[in-house]
Amino acid sequence: MTESRPVPTSSKLPGVGLSIFAVMSKKAADHGALNLAQGFPDFECPAALREAVVEAMSSGLNQYSPMPGAPALLERIEQKLRDHYGVDADAGREVTVTAGATEALFVAIQSCVRDGDEVVVLDPAYDSYEPAVHLAGGRCVHVPLSPPGYGIDFDRLADAITPRTRLVVVNTPHNPTGAVLSRDDLDRLADVLEGTDALLLSDEVYEHIVFDGARHASVLQHPRLRPRAFAVFSFGKTYHVTGWKIGYCVAPPALTEEFRKVHQYVTFCVSTPMQHAIAAFMADASFAASLGEFYQEKRDRFRAGLENSAWSLPPCAGTYFQLLGHGDFASESDTDMTERLLREAGVAAIPVSVFNEDGRDDRVLRMCFAKGDETLDAACEKLRAFAPA
C-alpha cells in the first residue's frame with residue numbers, strides 16, 4: 001500500500017500567530033485575573049436594545065437583508081451623519097453595513113490595494129491593518145507616533161509617501177494610545193495628501209468616546225479628505241455590543257462600488273434582526289450623545305485610583321483605553337512587565353510594543369477601563385499595591 005504524501009502547505013501570513021488580545025484574555029482566564037487587556041465592556045448593553053432584537057425576530061425579520069445593509073439602518077446612518085457631523089451622504093451609494101469594523105477595514109484594503117502597493121500606517125498601529133495589506137499583496141510603511149502624546153509627525157509622514165503609496169491609514173480616537181486628531185491635524189493631513197493619488201482609510205470606531213469637552217473630527221467633514229476616504233465606524237463600541245460585530249463604512253460612490261464588490265463575497269450581509277434593532281434604537285440619539293461623558297467618568301475614576309502610585313499616566317483624550325507607564329520604577333520591557341503584572345497582581349494588560357513594527361518599547365501598558373466601577377476599583381487597588389509611590 002502506497003503511503004499518502006503530506007499535502008504541501010505554505011502560509012500566506014507566516015509571521016502571524018494568535019492575536020495579542022486572544023492570548024492575554026486566555027491568560028487572564030487561566031490566572032483568574034482581572035481582564036483589562038481585551039477591549040470589551042463587562043456590563044450589559046441597554047435593555048431597550050436587547051428588547052428591540054426580540055421584537056425584530058418576532059416580527060419575522062430573520063432572512064437575508066440587502067447586501068449593502070437593511071434599508072431602515074441605512075436611513076438611520078444617513079440621518080446620524082447629517083445630525084452629528086453635518087454631512088450629507090447618500091446611504092444607498094455611500095454606506096455599507098459590515099460584520100464589524102474589522103470586516104470594513106479588511107474590505108477597504110482589499111478593494112484598493114494591489115501587488116506592490118505601499119500602505120502607510122502609524123505606529124503603534126492596531127494589529128489587523130498589516131495582515132490585510134499583506135493578503136492584498138501590498139507592503140506597509142511604518143511611521144512612528146511620538147510619546148507621550150502620540151501625535152503625528154507630519155514631516156515624517158510626508159517623507160513616507162511615494163508614487164507607490166496607495167493608501168494611508170489613520171485611527172482617531174487612537175487605539176491603543178487614546179490620542180485624538182483635531183481639525184487642524186486633518187488640515188495638515190490634507191496638505192500632505194494634496195497632489196498625490198493616495199487614498200485614506202480612517203478608523204473612527206471610538207467616534208463618540210472623546211473627552212474634556214472636545215468633539216470628534218471626522219474625515220467625512222473635511223472637504224479635501226472626504227473624496228479620497230473610507231471612514232469606518234462601529235456600533236459595537238457605541239452600544240456596548242462588541243459581540244454583535246456590526247459596523248459600517250462610508251465612502252464616495254466610486255470607492256463604495258469597489259468596496260461592495262469585495263464585501264459581497266466576504267459576508268454578503270450581517271444579522272438582519274440586529275440591524276433592525278439598532279435602527280430602532282437609533283431613533284433616540286441621546287445614548288450615543290452621552291457616551292463620552294459616561295466613559296470620561298470611568299477614565300477619571302481609574303486615573304484617580306492610581307494617583308498615589310508609581311505608575312505614570314499619559315494623557316487619554318479618547319477611546320476607553322488608558323496607558324500606564326512603568327519606566328519610572330522598573331527597567332524591564334513592557335512584555336515582561338505584562339507577564340509579571342499578571343502573575344503577581346492578577347491584572348491583565350496589553351504591552352504597547354506589540355503594536356510597533358520595530359518593537360519599540362516605550363514601557364507603557366494599555367488598560368481597558370470599559371468596566372464596572374467595582375472592577376476598576378479592584379484593579380486600582382491591585383495596581384497600587386504592585387507599584388506603590
Side-chain angles (χ1 to χ4, degrees), residues 34-46 48-49 80 83-85 101 124 126 145 147-151 170-186 202-218 221 233-242 281-282 284-309 311-325 347 349-350 352 364-381 383-384:
L34 295 176
N35 187 359
L36 303 193
Q38 194 167 0
F40 62 88
D42 68 353
F43 42 81
E44 283 295 334
C45 68
L49 183 55
K80 174 251 183 174
D83 292 346
H84 197 72
Y85 296 121
Y126 186 64
L145 303 171
Y150 291 94
V170 297
N171 174 205
T172 180
H174 184 253
N175 176 13
T177 69
V180 171
L181 296 183
S182 66
R183 174 59 191 242
D184 288 343
D185 291 324
L186 295 186
S202 185
D203 180 349
E204 304 183 20
V205 300
Y206 298 98
E207 58 174 325
H208 295 296
I209 311 178
V210 180
F211 307 135
D212 304 314
R215 286 182 62 86
H216 172 60
S218 173
Q221 297 170 293
F233 304 90
S234 167
F235 290 118
K237 303 296 190 294
T238 300
Y239 296 132
H240 312 323
V241 287
T242 59
F281 192 73
M282 288 178 74
D284 181 357
S286 62
F287 186 88
S290 66
L291 199 64
E293 181 180 355
F294 172 81
Y295 275 120
Q296 182 170 328
E297 290 179 359
K298 292 188 175 296
R299 178 203 66 172
D300 293 348
R301 187 184 192 100
F302 189 57
R303 290 175 66 93
L306 294 171
E307 280 182 343
N308 299 318
S309 73
W311 296 100
S312 64
L313 298 167
C316 171
T319 75
Y320 46 54
F321 302 113
Q322 172 66 54
L323 297 184
L324 267 63
V347 178
I350 299 290
V352 172
V364 290
L365 312 180
R366 192 199 76 170
M367 304 274 186
C368 175
F369 56 80
K371 310 296 177 184
D373 290 348
E374 182 177 341
T375 303
L376 293 178
D377 293 345
C380 286
E381 183 177 352
L383 291 166
R384 283 197 310 271

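Computed from a prediction, not measured in an experiment: that's the story for all the values here.
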Original post:
For D300, does the CG atom sit with more than 12 other heavy atoms under 6.0 Å from it, leaving out its own atoms?
Top reply: yes

Original post:
Which pair of non-hydrogen atoms, one from R303 and one from C316, has the smallest distance, and what is that distance?
Top reply: NH1-N, 4.2 Å

Original post:
CG/L34 to SG/C368 distance, rounded to the nearest 0.5 angstrom?
Top reply: 12.0 Å

**OP:** Quick one: sort the Y85 and H216 rings into parallel, tilted or perpendicular, breaks at 30° and 60°.
**Re:** perpendicular

Subject >> From CA spacing to verdict: side chain to side chain contact (heavy atoms under 4.5 Å, CB included), R301, D377 >> reply: CA-CA 8 Å; R301 187 184 192 100; D377 293 345; 2.8 Å; yes

Subject >> Check: R299 side chain, Q322 main-chain N or O, donor-acceptor pair, under 3.5 Å >> reply: no

Original post:
Run the side chain to side chain contact (heavy atoms under 4.5 Å, CB included) check on L306 and R384 step by step: do they pass?
Top reply: CA-CA 6 Å; L306 294 171; R384 283 197 310 271; 4.1 Å; yes

Original post:
How long is the gap from NE2 on H174 to CG on D203, to the nearest 0.5 Å?
Top reply: 9.0 Å

Original post:
Do H84 and R215 have side-chain heavy atoms sitting under 4.5 Å apart?
Top reply: yes

Subject >> From CG (L376) to CG (D42), nearest 0.5 Å >> reply: 7.5 Å

Original post:
Just by modelled atom types, is the L186 backbone N or O under 3.5 Å from a matching donor or acceptor in the D184 side chain?
Top reply: no

**OP:** Measure from the side-chain N and O atoms of Q296 to the backbone N and O of D212, and report whether any donor-acceptor pair falls under 3.5 Å.
**Re:** yes

Subject >> Minimum heavy-atom distance A101-S234, with the two atoms named >> reply: CB-CB, 4.2 Å

Subject >> Side-chain touch E204/V170, heavy atoms, less than 4.5 angstrom >> reply: no

**OP:** Quickly, which of F235, Y320, F287 forms a ring-ring contact (aromatic ring centres under 6.0 Å, His included) with H240? Name it, please.
**Re:** F287

**OP:** Evaluate the criterion side chain to side chain contact (heavy atoms under 4.5 Å, CB included) for residue pair F294 and H208; output intermediate values, then yes/no.
**Re:** CA-CA 10 Å; F294 172 81; H208 295 296; over 6 Å; no

Subject >> Side-chain donor/acceptor of T177 to backbone N/O of Y150, under 3.5 Å >> reply: no

Original post:
Rounded to the nearest 0.5 Å, what separation is found between the CZ atom of F302 and the OG1 atom of T375?
Top reply: 11.0 Å

Original post:
Under the 6.0 Å and 45° cation-pi test, does K371 pair with F40?
Top reply: yes

**OP:** Mind checking the CD1-OG1 spacing from I209 to T238? Nearest 0.5 Å is all I need.
**Re:** 6.5 Å

Original post:
Would a distance-only check, ignoring hydrogens and angles, find a side-chain to backbone donor-acceptor pair under 3.5 Å from R366 to A349?
Top reply: no

Original post:
Taking atom CG of N175 and atom NZ of K237, what is their separation to the nearest 0.5 Å?
Top reply: 8.0 Å

Original post:
Looking at Y126 versus Y206, is the centre-to-centre ring distance below 6.0 Å?
Top reply: no

Subject >> Any donor-acceptor N/O pair, Q221 side chain to S218 backbone, under 3.5 Å >> reply: yes

Original post:
How far apart are the closest heavy atoms of V352 and P176, and which atoms are they?
Top reply: CG1-CG, 4.1 Å

Original post:
Which pair of heavy atoms, one from P41 and one from T242, lies closest together, and at what distance?
Top reply: CD-CG2, 4.0 Å

**OP:** Would you please test L365 and L323 for side chain to side chain contact (heavy atoms under 4.5 Å, CB included) and show each step?
**Re:** CA-CA 5 Å; L365 312 180; L323 297 184; over 6 Å; no

Original post:
What heavy-atom pair brings W311 and L383 nearest, and what distance separates the two atoms?
Top reply: NE1-O, 3.0 Å

**OP:** Give a yes-or-no answer on whether the side chains of D284 and S286 include a donor-acceptor pair shorter than 3.5 Å.
**Re:** yes

Original post:
Closest approach of A217 and S182, non-hydrogen atoms and distance?
Top reply: CB-C, 4.1 Å

